[in-house]
**Student:** 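Before I ask anything, here is the structure I am working with.
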Amino acid sequence: MLHPMGWDAFGMPAENAAIERKRHPMEWTYSNIEQMRAQLKQLGYSYDWSREIATCDASYYKHEQAMFLQMLERGLAYRKRAIANWCEHCQTVLANEQVEDGQCWRCANPVVMKELLQWFIKTTAYAQELLDGHAKLDWPSSVITKQKNWIGRSEGAEIRFAFDQPVAGEASFTVFTTRPDTLYGVTFVSIAAEHPLALELAKGGANEAEVRAFIERIRIEHRTKRDDGDVDKQGIFTGRYAIHPLTGQSVPIWIANFVLMDYGTGAVMAVPAHDERDFEFARKYGLDLKVVIQPEGVAALDVTTMKTAFTDSGVLVGSGAHDGLPNEAAKSAITAELVGKSVGKATISYRLRDWLVSRQRYWGSPIPVIHCPTHGVVPVPEKDLPVLLPQDVVITGEGGSPLARHASFVNTTCPTCGEPARRETDTFDTFVESSWYFERYTTPREENRPVDPERARGWLPVDLYIGGEEHAVMHLIYARVWHYLMMDLGYLPKDTAREPFSKLVCQGMVCQEAFYSTDPQNPAHKTWCYPEDMELRDGKRFTKDTGLELHSAGVVKMSKTKRNVVDPDEVVAKFGADAVRLFVLFAAPPEGQVDWSEAGLEGASRFLQRVWRLVRDRRDVLVATQPFAGGALEGAARDLRRMTHRTIDRVTRDLGDRMQPNTGIAAMMELVNALYSFKADGEVDRAVVREAIDVLISLLSPFAPHIADELSEALGGQGNLLAKGWPALDADALREDTIELPVQVNGKIRGRVIVAPAADEATVLAAARADANVAVYLEGKALKKVIYVAGRILTLVV
RNA sequence: GCGAGGAUGGCGGAACUGGCAGACGCGCUGGACUUAGGAUCCAGUGCCGUAAGGCGUACGGGUUCAAGUCCCGUUCCUCGCACCA
């Protein structure tokens, strides 16, 4: 088993700390690692620290630089212009979550959309494989669904429309549609403002200036306002027409703000009678509608009275030879007609975009390319890797990337011609590091390649991957793609498991109620308050320092920002690592959220103390007693031993396939309760108790390793408990002589009878009739039906 | 709007394939021991009822001898996507 730990250490938190605290990201990062490593060790996790990695170490990131160069060579990574959030004041690109109400999170200046040359990895090449791979995965269905939506496969057709006259040398353009069945209902076409031909269409026309202004406005507004969801539909007529590929009619070409350039072909055929967006647009601008699908069994649609587009299924009308066809069948029929006339074809479109991996930031792995005035983009030769991130920089957060101002980093020579050249100053998105760290864990000290292929294949795939559901799409898509890429680039053998994560469990967060106060001068600004800085007055909470009233933000994920955190060092000092571990495991099933509670923690601690006293109070007797070795038992001793072995069974399954440690802990608590109730009387009884306690200690050790080791030693155990192995289940001990069987009459429990577990129906029925209370309900009635589920229930119907 | 998941005592949660709803813990109530108890131990704790008994797994219906579990509809909550043609 491989149970490694490491540090995803590049990225914004360190860079922000550098800006705010005037500390170097490297120093800040490594001091955090030190502290967190100590905390994890204190909690007693069984990590293999010999495999520890930190992604900000050049010995790690140099391999992703090498892999990226391979991708570049094979065309799986490339550079193109793309639109990004840009703060003019800070001269930097912002992530979407750094844009607040259209303003920069740091300087509150407006954020604009700017086109920059950016680096991409071709995730779209794997769109279909990402979907097909889902069949092999034992993952939560919610995660699979999210990935499917993210990838967004849709089947449809590409259809070529000719221009009335060539535009910039082009005779035609192509649209993508999922509704070829509505093709005869096209009354206009819409193209994106970013479409290369958008401006060309208007050139020389009467309203060229207007169209130009419209395009400029939409290009800037387009993305920033998309978050609002409900942006008004806007468009402008280009003055030009397209020729319908089947009817030959002329339809006007519009530019519309809701058409996206980076999906499909950036142009759509508009069928306002059968598409909500086109309907809204057509009504706004007074464009024609044409009905080509009629619903069956209701009044015919009338374009003059329609209040909404008709998007359900029906039968084709006004569609030439296709009239009368159900619209589903018409999709392929019309596509076939298009193919026959060489003006279209069936195609599949995906929402998934290529992965933008460049960031104009300091704290990340440099992208290993050089820009030469003569030779353009030149990869850094592999022998020159890694491109080290320079340490001697000043980070202010303003004026763009510090790397761009670092002369000795930027100024270099072209590997091809040796002339002066400029080094790329963008760094990788941190999702790059997290996309292959699990591969690296298999052989973390390989010097000259990312992994040792044979050994990596041996370890992979990851049998059980545990992570938060927030990684459902981005990380878990990128990591799958990177694994495919490593296989396809030859870093892993061809027979390596194609999917990197077999089973995925999304664990819940640790949560606690968070409180904030608002400044009367500036009510929008929340100041979060630590629990120790609060005081209670008249049932309300106030801050100790400013005296402002506090408001609850509810029970939310612990975060330093919201100050609803607990210091692991403090709780470990107070309750011990074992109690903390036990509490977290007991409070909820793994996928559920844990609400932090001091009372719950005390409960866990109380249980451990109960176990401790159980051993301490009987220590001398226990040490002098050998555990029960087998043989006949009766009465309470037999019951206790059955309980012991049932607990082995339950805990084993709860830690295994069921993956429900909370119920396993409950089982151990029941065993402890039974041990407290048991009165040991005589040698055999004591042997059974000794066995039960030995078992309890072993079962407890994965949950509370420190106390388990301590107790084992107190009872004369030698060495590590782990070496002793897991307790063996004695199936014989589980057997019961008699059971209490509930008896129902007409669906209600009316009595219980004591019978042998395998008693036959006649015996059980006789016993039931003999039960006084059952007899009351059977009195004077004919027995219509008897249902006997052996070992479970007897139901009588009268 | 679309998609996914969920709703069980005062609280966190159990209940494995339809078969005794509420395991275990927290909290609460009473008692014991104690100078003391926020330690420990014992008892109780879904709701109504003195009891017998009745009612109970968001709400309304259905299938079944039997439903927290299966089916249909409704409400609410959480998450994701949100002009993707």
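Sequence lines set the chain letters: A, B, ... in the order given, protein chains first and strands last, and positions in each chain run from 1.
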**Student:** Which part of the nucleic acid does V797(A) contact within heavy-atom distance under 4.0 Å: base, sugar-phosphate only, or nothing?
**Tutor:**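 Sugar-phosphate contact only.
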**Student:** Between G56(B) and G3(B), how far apart are the two C1' atoms, rounded to whole Å?
**Tutor:** 34 Å
**Student:** Could you say whether N673(A) or R792(A) is positioned toward the 5' end of RNA chain B, judged by the nucleotide with the nearest heavy atom to each?
**Tutor:**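 Result: R792(A).
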**Student:** Of all the nucleotides listed (C20(B), G12(B), A85(B)), which has the minimum atom distance to the side chain of D275(A)?
**Tutor:**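 Of C20(B), G12(B), A85(B), A85(B) is nearest to the side chain of D275(A).
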**Student:** Give a yes/no verdict on a cation-pi contact between R480(A) and W150(A), requiring under 6.0 Å between NZ or CZ and the six-membered ring centre and an angle within 45° of the axis.
**Tutor:**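 R480(A) over W150(A) ring: no.
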**Student:** If we take the C1' atom in both C16(B) and G27(B), what is their distance in whole Å?
**Tutor:**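 The answer is 29 Å between these two C1' atoms.
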**Student:** So, does the side chain of K233(A) form a donor-acceptor pair with the base of C83(B) at under 3.5 Å?
**Tutor:** yes
**Student:** Can you name the atoms? Protein N/O to nucleotides 40-43 of chain B N/O, anything below 3.5 Å, with the distance.
**Tutor:**
| residue | atom | partner | partner atom | Å |
| --- | --- | --- | --- | --- |
| U40(B) | O3' | R613(A) | NH2 | 3.0 |
| C41(B) | OP1 | R610(A) | NH1 | 2.6 |
| C41(B) | OP1 | R613(A) | NH2 | 3.2 |

**Student:** Does a side-chain N or O from S154(A) land closer than 4.0 Å to OP1 or OP2 of A85(B), or not?
**Tutor:**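 Result: yes.
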**Student:** Mind checking the P distance from G60(B) to A67(B)? Whole angstroms is fine.
**Tutor:**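 My reading of the P atoms in G60(B) and A67(B) gives 16 Å.
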**Student:** Under a 4.5 Å cut-off applied to non-hydrogen side-chain atoms, are L675(A) and V689(A) in contact?
**Tutor:** yes
**Student:** Please check the phosphate of G19(B) (OP1 and OP2 only) for any side-chain N or O of K748(A) closer than 4.0 Å.
**Tutor:** no
**Student:** Decide yes or no for I477(A) and I151(A): does some side-chain heavy atom of the first lie under 4.5 Å from some side-chain heavy atom of the second?
**Tutor:**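 When only atoms from C-beta onward are counted, I151(A) and I477(A) do touch, with a gap below 4.5 Å.
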**Student:** Does anything in residues 749-777 of chain A reach RNA chain B, meaning a heavy atom under 4.0 Å, and if so which residues?
**Tutor:** I749(A), R750(A), R752(A)
**Student:** What integer distance in Å separates R653(A):CZ from A15(B):P?
**Tutor:** 11 Å
**Student:** Is there a side-chain contact between L608(A) and W612(A), using heavy atoms and a 4.5 Å cut-off?
**Tutor:** no
**Student:** Nearest to the side chain of E670(A), which nucleotide is it out of G13(B), C83(B), A23(B)?
**Tutor:**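 Comparing G13(B), C83(B), A23(B) against the side chain of E670(A), the answer is A23(B).
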**Student:** Examine A82(B): is either OP1 or OP2 under 4.0 Å from a nitrogen or oxygen in the side chain of N149(A)? Give yes or no.
**Tutor:**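 Looking at the OP1 and OP2 atoms of A82(B), neither is under 4.0 Å from any side-chain N or O of N149(A).
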**Student:** Starting at CE of M474(A) and ending at P of C81(B), how long is that distance when rounded to a whole Å?
**Tutor:** 9 Å
**Student:** Taking U8(B) as the reference, what is the distance to C77(B) when you measure between their P atoms (whole Å, please)?
**Tutor:** 14 Å
**Student:** Are any side-chain N or O atoms of R650(A) and backbone N or O atoms of G664(A), one a donor and one an acceptor, separated by less than 3.5 Å?
**Tutor:** no
**Student:** Against the six-membered ring of F258(A), is K233(A) placed for a cation-pi contact (under 6.0 Å from the centre, within 45° of the normal)?
**Tutor:** yes
**Student:** Would you kindly give the CG-to-C1' distance between D595(A) and C11(B), to the nearest whole Å?
**Tutor:** 10 Å
**Student:** Could you measure between the two C1' atoms, the one in C28(B) and the one in U35(B), and give it in whole Å?
**Tutor:**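 Each nucleotide's C1' atom is 27 Å from the other's.
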**Student:** Report the nucleotide, chosen from G19(B), G25(B), A85(B), that has the shortest atom-to-atom distance to any side-chain atom of V789(A).
**Tutor:**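 Between G19(B), G25(B), A85(B), the one nearest the side chain of V789(A) would be G19(B).
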**Student:** Might you work through the side chain to side chain donor-acceptor pair (under 3.5 Å) test for T763(A) and D760(A), ending with a clear yes or no?
**Tutor:** CA-CA 6 Å; T763(A) 315; D760(A) 64 12; 2.3 Å; yes
**Student:** Given side chain to side chain contact (heavy atoms under 4.5 Å, CB included), test D278(A) with L287(A) step by step and report yes or no.
**Tutor:** CA-CA 10 Å; D278(A) 295 338; L287(A) 296 162; over 6 Å; no
**Student:** From CD1 of I739(A) over to P of C20(B), roughly how many Å is that when rounded to an integer?
**Tutor:** 12 Å
**Student:** Just wondering, are more than 12 heavy atoms of other shown residues or ligands nearer than 6.0 Å to NZ in K781(A)?
**Tutor:** no
**Student:** May I ask you to decide if the ring planes of F161(A) and H244(A) are parallel, tilted or perpendicular, using 30° and 60° as cut-offs?
**Tutor:**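 F161(A) and H244(A): perpendicular rings.
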**Student:** Does E280(A) pair with R283(A) as a salt bridge, N-O distance under 4.0 Å?
**Tutor:** no
**Student:** Return the pairing partner of C28(B) with a 3.5 Å limit on both distances, Watson-Crick or G-U wobble; otherwise return none.
**Tutor:**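 Pairing partner: G44(B).
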**Student:** Closest-nucleotide mapping onto RNA chain B: is K146(A) or A604(A) further toward the 5' terminus? I mean the 5' end.
**Tutor:** A604(A)
**Student:** Using OP1 and OP2 only, check whether a side-chain N or O of R658(A) sits under 4.0 Å from A15(B).
**Tutor:**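 Yes, such a contact exists.
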**Student:** Determine whether T265(A) and E158(A) make a side-chain contact, defined as any pair of heavy atoms from C-beta on separated by less than 4.5 Å.
**Tutor:**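 They are in side-chain contact.
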**Student:** Using the C1' atom as the point on both nucleotides, what is the distance between C20(B) and A66(B), in whole Å?
**Tutor:**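 Those two atoms are separated by 12 Å.
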**Student:** Under 3.5 Å for both donor-acceptor distances, Watson-Crick or wobble: does C81(B) have a partner, and if so which one?
**Tutor:** G1(B)
**Student:** Using a 4.0 Å heavy-atom cut-off across all strands, classify P140(A) as base, sugar-phosphate, or nothing.
**Tutor:** nothing
**Student:** Is any side-chain heavy atom of V743(A) less than 4.5 Å from a side-chain heavy atom of D771(A)?
**Tutor:** no
**Student:** Evaluate the side-chain proximity of M668(A) to I665(A): yes if any heavy-atom separation is below 4.5 Å, no if none is.
**Tutor:** yes
**Student:** Across all strands, who's sitting opposite G56(B) as a Watson-Crick or G-U wobble pair, both distances under 3.5 Å?
**Tutor:** none
**Student:** Tell which nucleotide pairs with C20(B), taking only Watson-Crick or G-U wobble pairs whose two distances are both under 3.5 angstrom.
**Tutor:**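 For C20(B), the partner nucleotide comes out as none, under the 3.5 Å rule.
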**Student:** From C24(B), A14(B), A85(B), pick the nucleotide closest to the side chain of F586(A)?
**Tutor:**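 Nearest to the side-chain atoms of F586(A), counting from C-beta on, is C24(B).
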**Student:** Give me the distance, rounded to whole Å, that separates G62(B) from U57(B) when you measure between the P atoms they each carry.
**Tutor:** 15 Å
**Student:** For the P atoms, the ones on C70(B) and on U17(B), what distance do you get once it is rounded to whole angstrom?
**Tutor:**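 Approximately 10 Å lies between the P atom of C70(B) and that of U17(B).
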**Student:** Tell me: CG of N662(A) to P of A14(B), nearest whole Å?
**Tutor:**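 It is 5 Å, rounded to the nearest whole Å.
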**Student:** C76(B) pairs with which nucleotide, Watson-Crick or G-U wobble, both distances below 3.5 Å?
**Tutor:**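 When the pairing criteria are applied, G6(B) turns out to be the nucleotide that pairs with C76(B).
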**Student:** Just the table, please: protein N/O against nucleotides 66-69 of chain B N/O, every pair under 3.5 Å.
**Tutor:**
none

**Student:** What is the pairing partner of C33(B), taking Watson-Crick or G-U wobble pairs with both distances under 3.5 Å in any strand?
**Tutor:** none
**Student:** Under the ring pair (Phe, Tyr, Trp, His ring centres under 6.0 Å) test against F188(A), which residue among Y285(A), F281(A), F237(A) passes?
**Tutor:**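 So, applying the ring pair (Phe, Tyr, Trp, His ring centres under 6.0 Å) to F188(A) and each of Y285(A), F281(A), F237(A), only F281(A) qualifies.
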**Student:** Mind calculating the distance between CZ (F173(A)) and P (A85(B)) to the nearest angstrom?
**Tutor:**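 The distance from CZ of F173(A) to P of A85(B) comes to 18 Å, rounded to the nearest Å.
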**Student:** Roughly, in whole Å, what's the span from CD in E591(A) to P in A14(B)?
**Tutor:** 8 Å
**Student:** May I ask you to say what R351(A) touches in the nucleic acid, namely base, sugar-phosphate or nothing, with a heavy-atom cut-off under 4.0 Å?
**Tutor:**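 Base: the residue R351(A), judged by heavy atoms under 4.0 Å, touches a nucleobase.
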**Student:** Cation-pi between R351(A) and F176(A): NZ/CZ under 6.0 Å from ring centre and within 45° of the ring axis?
**Tutor:**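 No.
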**Student:** Output the single nucleotide from C24(B), G5(B), G19(B) whose closest atom is nearest the side chain of I787(A).
**Tutor:**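 The answer is G19(B), which lies nearest to the side chain.
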**Student:** Decide, for G9(B), between syn and anti: a glycosidic angle within 90° of 0 counts as syn, anything else as anti.
**Tutor:** syn
**Student:** Given atom NZ of K574(A) and atom P of G38(B), what is their separation to the nearest angstrom?
**Tutor:** 16 Å
